[in-house]
Amino acid sequence: MKVLSIQSAVAHGHVGNSAAVFPLQRIGVEVVPVYTVNFSNHTGYGAWRGPLIPPPDVAEILLGVEERGVFPQVDAVLSGYQGGVGIADVIIDAVGRVKAANPAAVYACDPVMGNAKSGCFVAPEIPVLLRDKVVPVADIITPNQFELGFLTGTEPAGLDSTLASADLARAMGPSTVLVTSVERPDRAEGTIEMLVVDPAGAWIVSTPHLPFKANGSGDVTAALFTAHYVTTGDAAAALERTASSVFDLIDLTFRSGERELRLVQAQEFFANPRLQFSAEKVR
């Protein structure tokens, strides 16, 4: 399997491609990483250095990759945080060219905007751009519950309302919606859930909720789910494998006392998920 991953990169820590590439490689996926920013660290520190890569430069890199004959080999295009408004057109254009070269290829978009606790942390234009332009051309999207609400103009909370919001998102274009950070009021205490909806049904998985904010964990989640789902075609199996690997990654990081994901130390959890959580079919 080969993934073209168009995302940010940081020198210190693990977000964007700096979070997604290694777990994908560890499960046997060939990754073609194209960077949209090259920062010293993620912006959660409040200070960082390095450039936002101009969209024409990103397009040049993609053109060079295409000229090497890579696009017919690409099984999935993956995108995440979009630092500026111009990069969306570059990504959409690349998706179109990849699909022209390989009609079986899919586009997985992580529509990064923010979360329920901190609200939106991207430029005000980005959420609207994602909703109106990017998400409609995606095959798979991986919003958290907050982002799902923005995309659909709803307030998903319980299982039924979150399923309804996921259906609205699927009506926008994507056939598969993975909702992360689902915090429905009637869930078991001390847990957090992920829900996936695709043409075959809907499944939910519950894991312990750790009191820890792990920057980059969403990027790992989107990458692993995309790879497992495209490889197996089984949403429930992809959900179980992803939940297992990501929980163990976050748990290891939490217990280490470090701020940045222990990505290298957790590599066995990617290669051989413990499968300690079962996905429940809810529709």
Side-chain angles (χ1 to χ4, degrees), residues 1-10 14-38 53 55 57-82 87-112 134 137-142 173-176 178 196 198 216 218-235 237-239 241-242 245-246 249 263-264 266-273:
M1 181 179 178
K2 184 170 287 187
V3 172
L4 174 63
S5 184
I6 310 170
Q7 299 197 59
S8 58
V10 294
H14 300 289
V15 298
N17 267 335
S18 301
V21 172
F22 178 66
L24 287 173
Q25 291 172 329
R26 194 61 182 83
I27 65 173
V29 175
E30 185 73 41
V31 188
V32 182
V34 175
Y35 302 150
T36 56
V37 309
N38 189 12
I53 299 175
D57 290 350
V58 179
E60 276 290 294
I61 299 297
L62 287 161
L63 179 59
V65 171
E66 182 180 25
E67 289 171 343
R68 302 289 78 76
V70 175
F71 281 11
Q73 305 167 8
V74 172
D75 300 290
V77 180
L78 177 65
S79 73
Y81 169 76
Q82 299 189 14
I87 197 64
D89 287 332
V90 174
I91 293 171
I92 292 169
D93 179 64
V95 168
R97 301 208 311 271
V98 166
K99 288 191 170 191
N102 177 14
V106 301
Y107 171 37
C109 170
D110 185 8
V112 178
V134 182
V137 303
D139 301 288
I140 302 167
I141 59 171
T142 59
S175 62
T176 303
L178 172 69
V196 64
D198 80 346
D219 303 317
V220 176
T221 299
L224 288 176
F225 177 80
T226 298
H228 289 314
Y229 184 61
V230 172
T231 301
T232 66
D234 185 329
L239 181 63
R241 293 180 188 182
T242 302
S245 297
V246 173
L249 167 64
L263 206 67
V264 174
Q267 61 181 286
E268 273 306 305
F269 297 131
F270 310 139
N272 299 293

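Just the heavy atoms: all of them, side chains too, but no hydrogens, waters or symmetry mates, feed the values below.
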side-chain contact (heavy atoms from CB on, under 4.5 Å) between L4 and V70, intermediate numbers included:
CA-CA 9 Å; L4 174 63; V70 175; over 6 Å; no

What closest approach, in Å, do [X] and [Y] show between heavy atoms, and which atom pair accounts for it?
X	Y	answer
C109	A138	CB-CB, 4.0 Å
P72	N102	O-CB, 3.6 Å
P55	V90	O-CG2, 3.6 Å
V10	H14	CG2-N, 4.2 Å
A105	V98	CB-CG1, 3.7 Å
A19	P23	O-CD, 3.0 Å

In residues 219-228, what donor-acceptor pairs under 3.5 Å come from side-chain atoms, sequence neighbours left out?
| unit_1 | atom_1 | unit_2 | atom_2 | d |
| --- | --- | --- | --- | --- |
| D219 | OD2 | G16 | N | 2.8 |
| T221 | OG1 | S217 | O | 2.8 |
| T226 | OG1 | A222 | O | 2.7 |

Show me the pairs that pass salt bridge (charged side-chain N to carboxylate O under 4.0 Å, His left out) and involve residues 67-77, at least two apart or across chains.
none

Could you tell me whether the side chain of [Y] reaches within less than 4.5 Å of the side chain of [X], counting heavy atoms only?
X	Y	answer
V15	Y81	no
F71	V65	yes
R241	I27	no
Q82	I91	yes
Q7	D110	no
Y229	V106	no

Kindly write out the residues that satisfy ring-ring contact (aromatic ring centres under 6.0 Å, His included) with Y107, not counting sequence neighbours, or none if the list is empty.
none

With sequence neighbours excluded, residues passing ring-ring contact (aromatic ring centres under 6.0 Å, His included) with F270:
none

Taking salt bridge (Lys or Arg N to Asp or Glu O under 4.0 Å) as the test, write out the residues that go with [X], two or more places apart.
X	result
E30	none
D89	K133
D139	K99

About how many Å separate [atom2] of [Y] and [atom1] of [X], when rounded to the nearest 0.5 Å?
X	Y	atom1	atom2	result
T176	D198	OG1	CG	4.5 Å
I140	S175	CD1	OG	6.5 Å
S5	L24	OG	CG	7.0 Å
D93	L63	CG	CG	9.5 Å

Residues forming a side chain to side chain donor-acceptor pair (under 3.5 Å) with [X], sequence neighbours excluded:
X	answer
E268	R26, N272
T242	none
T36	none
D234	none

Hey, is the main chain of I53 close enough, under 3.5 Å, to the side chain of N38 for a donor-acceptor pair?
no

Applying side-chain contact (heavy atoms from CB on, under 4.5 Å), can you list everything that pairs with A9, at least two apart in sequence or on another chain?
S18, Y35

